[in-house]
Number of protein chains: 2
Amino acid sequence: MTSTEPPAESAPLRPTRQRRAVSEALAACDDFRSAQEIHELLGRRGDPVGLATVYRTLQRLADAGEVDMLRTEDGEAVYRRCSGSHHHHLVCRSCGATVEVEGPAVERWTRAIADRHGFADVSHTLEIFGTCPTCAES
Amino acid sequence: MTSTEPPAESAPLRPTRQRRAVSEALAACDDFRSAQEIHELLGRRGDPVGLATVYRTLQRLADAGEVDMLRTEDGEAVYRRCSGSHHHHLVCRSCGATVEVEGPAVERWTRAIADRHGFADVSHTLEIFGTCPTCAES
DNA sequence: ACACCTGGTGAGAATGATTTTCAAGTCGGG
DNA sequence: CCCGACTTGAAAATCATTCTCACCAGGTGT
């Protein structure tokens, strides 16, 4: 208890082979992927990472805001490396192809609604699901 | 294969004690509740319904559009009887209190985005989470 | 180099929600 | 009263995700 205590910052986070592998996998594909898919992908690529570690890593990346996480219509969590700014997604239900979209008007609208009802600590989710042109031409 | 085949309609759906119980439970509370909560509530009320049946019933009601289903931030499915028209929700993270909101502009916006990218069979989710005034005054 | 300490890993067990299985119950009509 | 179709529910089965815990790795102080 001397005084060497920077306000309980986020841990240093050591750069290990596993963490690098997960990040690279995310960087390699442009679509939303589940933890399991990442895990399998890495395994096939001969750069195996334990499933638990994949989950842990994705969670941290998501917390750090380096990747976006959302839930598919059946509740599964999927991840994707994304641009830093706040945005939403148009996601293909069958192949996961994703388009980032912005909607400043929507942001304002949600804030206004929350304010009007006195809700604090507000967050919102907005995702658009559909079938992309490629998957459509069965 | 005579000809007595009305285009495979939705089944008649028999009105049983269990189904009535679930519907009533939903009608009784104004907030989003999980299947487990409904199940427990009914049990305590002395009108026990099997957990599997609760799940089945909620699912059908949701498919029929008689109740709304959404996923909490940690992926759990919760249900609530709702007005027929399309709308979204402002939900309290801690007590489940819910406010229905409409945003015609948002609807138009999502459709426009989807169209612009050629996505078909489009659906969208939009929920606002926060802490309601009551829960806020710790 | 050496002993250490802390964080990181991973295999497998544990959780928890949701679904399925399947034998038994119910309903409505003939 | 009897049949067949629809329901039910307890228990088993799934599935994604988390936890446990013994073991490993890298940097530090000496």
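Straight-line distance from the CG atom of A/Leu58 to the P atom of D/dT18: 10 Å, rounded to whole Å. Whole-Å rounding puts the B/Arg60 CZ to C/dT19 P distance at 13 Å. Nucleotide D/dT14 holds its P atom 18 Å from the OH atom of B/Tyr55, rounded to whole Å. For B/Asp74 and C/dT18, the CG to C1' distance is 15 Å, given to the nearest whole Å. Following rounding to the nearest Å, B/Arg20 (CZ) and D/dT7 (P) show an atom-to-atom distance of 13 Å. B/His39 has its NE2 atom 12 Å from the P atom of D/dA11, to the nearest Å. Atom CD of A/Glu40 and atom P of D/dC15 are 14 Å apart (whole Å). As rounded to whole Å, 8 Å separates atom C1' of D/dT17 from atom CG of A/Leu51.
No path of Ile, Leu, Val, Met, Phe, Trp and Tyr side chains, each step under 4.5 Å between heavy atoms, connects B/Phe129 with B/Tyr79, placing them in separate hydrophobic clusters.
When distances are taken from the side chain of B/Gln59 to each of D/dT18, C/dT19, C/dT18, the shortest belongs to C/dT19. Among C/dT20, C/dT9, C/dT18, the nucleotide with an atom closest to any side-chain atom of B/Ala52 is C/dT20. Of the candidates D/dC6, C/dT18, C/dG10, D/dC6 carries the atom nearest the B/Arg19 side chain, counting heavy atoms from C-beta on. Comparing C/dG10, C/dT9, D/dA5 by their nearest atom to the side chain of B/Arg14 picks out D/dA5.
Shown here is A/Arg111, whose CZ atom has no more than 12 heavy atoms of other residues, nucleotides or ligands within 6.0 Å.
OP1 or OP2 of D/dG9 has at least one side-chain nitrogen or oxygen of B/Gln18 nearer than 4.0 Å. The phosphate of D/dT8 has OP1 or OP2 within less than 4.0 Å of a side-chain N or O from B/Thr16. At the phosphate of C/dG16, neither OP1 nor OP2 sits under 4.0 Å from any side-chain N or O atom of B/Gln36.
At least one side-chain heavy atom of B/Arg60 sits under 4.5 Å from a side-chain heavy atom of B/Arg19.
A pairwise comparison of heavy atoms in A/Arg45 and A/Ala21 identifies NH2-O, 4.5 Å as the closest pair.
Between A/His124 and A/His86, the two ring planes are perpendicular [angle over 60°; tilted spans 30° to 60°].
The base of C/dG8 lies outside donor-acceptor range of the side chain of A/Arg17, with no N or O pair under 3.5 Å.
Toward the 5' end of DNA chain C, the nearer of the two residues B/Pro15 and B/Ser34, judged by each one's closest nucleotide, is B/Ser34.
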